[in-house]
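Here is the structure we will look at.
Per chain, numbering begins at 1; letters A, B, ... match sequence-line order. Bear in mind the structure is a predicted one, so any value in this text is a computation, not a measurement.
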Protein chains: 2
Amino acid sequence: MTEPNPSGRPGRWRSGAESRQRILEAARALFREHGYGGTTVRAVAAEAGADPAMVFYFFGTKQGLFGAALEMPEGVPTAIESIFVGGLDDIGARMVRTLVENLDTSDRAPFVTLTRSALTHDESENLLRQYIDREITARLVTLLGTPDAAVRVALLNVQVLGLAMARYIVRIEPIASASVDDLVTWFGPLAQHCLTGPAPSR
Amino acid sequence: MTEPNPSGRPGRWRSGAESRQRILEAARALFREHGYGGTTVRAVAAEAGADPAMVFYFFGTKQGLFGAALEMPEGVPTAIESIFVGGLDDIGARMVRTLVENLDTSDRAPFVTLTRSALTHDESENLLRQYIDREITARLVTLLGTPDAAVRVALLNVQVLGLAMARYIVRIEPIASASVDDLVTWFGPLAQHCLTGPAPSR
DNA sequence: GTCTATAATTAGATAGAC
DNA sequence: GTCTATCTAATTATAGAC
């Protein structure tokens, strides 16, 4: 009992958790920017001001680091939650706004990491698909309840994927530089149309 | 003049162009499958039944091989051309059908190579954007001629990008396994709506 | 034109001192 | 917990024989 314990929990505090955190943040940034294959453990360590060996000490392997870096930052699950409260009427606009607002703030962008990596790295391809399936697709399908729900949700997923690609990866103008409100204006009705518009046949 | 010259041109024939061609095909397949970073020159050489050194002999560097592998296979430019003949009425459906039919045949899929690589490799990111800009965006904007043409075409690009991602990269069902006709049914109206539907405001 | 051998570099991972 | 040193393996790339 020489100092106050800021964590409020018993045991050691201010341990290597700090380095671990810095490494994690660096890993998130680099994986997001260069994907899995394009990011080296050495680069992560350098960015974090730590030693490469530390990375392996904490996360065992590059894969482990990748998995840990993809843990959803707090706030993302609740953001997803906010999409689903309020029913189906404005869900298109809400979905676009939530998506873009969260992906625009650089810290909460594991999806960008994933999409960047999904093209060259099988593991992240699975992670991406699983996350989308579990958190978005499945919930929307049950929410719709119609026979063509699967197709409708797939169409919406294409909107989301395309928008994310255009704004964050391929950077197609004017999508990349547009304001959040513009994007909601453009894509909200489109997304809404996918879910509650005229039946897409078959 | 010991043998007939199948190429019909003077000079040597049946030279290293055969190896070059095999290497090029192998490179296209592997770049498409694993992206730039995930493809090794050795793997390309092995796939082509050639020596790694040959690859460097013909293409100088891995970058050079990549650039050469992205040369549009014959038929793709004319396919793009066919989208634009016939006016604006059915252009959505024509665009979706042409896109999917060409990308489904594995040999004519440099776009898949590009999108797979665009996420981790800056060079391919530029190649992808330039190609889309020159061959699709610019022509569509002039074809539309309206003030909001840029936005409309951007919306269409998102459809194309999202559809390609969902079918070929992330493999979202039922998009990935759908027939060409289904995709035209689902995305044709959506694409048409982007170009000639109600104004997207602003 | 084709291949063998190998140089040069880089990345992932481990051992062990402090 | 942290760092230095190092190992091993893979990769890009070159030199040179045939």
- Message: Please report the distance, rounded to the nearest Å, between CZ in B:F66 and P in D:dT12.
- Response: 14 Å
- Separation of C:dG1 atom P from B:F58 atom CZ, nearest Å, is 6 Å
- Message: In this structure, how many angstroms lie between the P atom of D:dT11 and the CG atom of B:L30, rounded?
- Response: 12 Å
- Message: Rounding to an integer number of Å, can you tell me how far B:Y57 OH sits from D:dA15 P?
- Response: 15 Å
- Item | Separation between CD1 of A:I172 and CG of B:L161, rounded to the nearest 0.5 Å | 4.5 Å
- Query: Rounded to whole angstroms, how far apart are CD on A:Q21 and C1' on D:dT2?
  - Reply: 18 Å
- Message: So if I take residues 39-46 of chain A and measure heavy-atom distances to DNA chain C, which residues fall below 4.0 Å?
- Response: A:T39, A:T40, A:V41, A:R42
- Message: Whether A:E81 and A:R139 form a salt bridge (side-chain N of Lys/Arg under 4.0 Å from carboxylate O of Asp/Glu) is what I want to check.
- Response: yes
- Task: State whether a side-chain donor-acceptor pair under 3.5 Å links B:T105 with B:E101.
- Result: no
- Could you pull out all residues at least two apart from B:Y57 that satisfy side chain to side chain contact (heavy atoms under 4.5 Å, CB included)? B:M54
- Message: One thing to verify: whether B:D148 and B:R152 come together as a salt bridge, which I'm taking to mean a side-chain N less than 4.0 angstrom from a carboxylate O.
- Response: yes
- To the nearest Å, give me how far apart CG (A:D51) and C1' (C:dT14) are. 12 Å
- Do any side-chain nitrogens or oxygens of B:T61 fall under 4.0 Å of OP1 or OP2 in D:dA13? yes
- Message: From the set D:dT14, D:dC3, C:dT2, return the single nucleotide nearest to any side-chain atom of B:A53.
- Response: D:dT14
- Not counting sequence neighbours, which residues clear side-chain hydrogen bond (donor to acceptor under 3.5 Å, both in side chains) with B:T40? List them please. none
- Note on the structure: Of B:K62 and A:P52, the one whose nearest nucleotide on DNA chain D sits closer to the 5' end is A:P52
- Gap between atoms OH and C1', on A:Y36 and C:dA11 respectively (whole Å): 11 Å
- Message: Among C:dG1, D:dA15, D:dG1, which nucleotide has an atom closest to any side-chain atom of A:M54?
- Response: D:dG1
- Task: Give the nucleotide from the list D:dT2, C:dT2, D:dC3 with an atom nearest to the side chain of B:S19.
- Result: C:dT2
- Message: To the nearest 0.5 Å, what is the distance between CZ on B:F187 and CZ on B:R167?
- Response: 10.0 Å
- Item | Atom-pair distance (CZ on B:F56; C1' on D:dT14), nearest Å | 9 Å
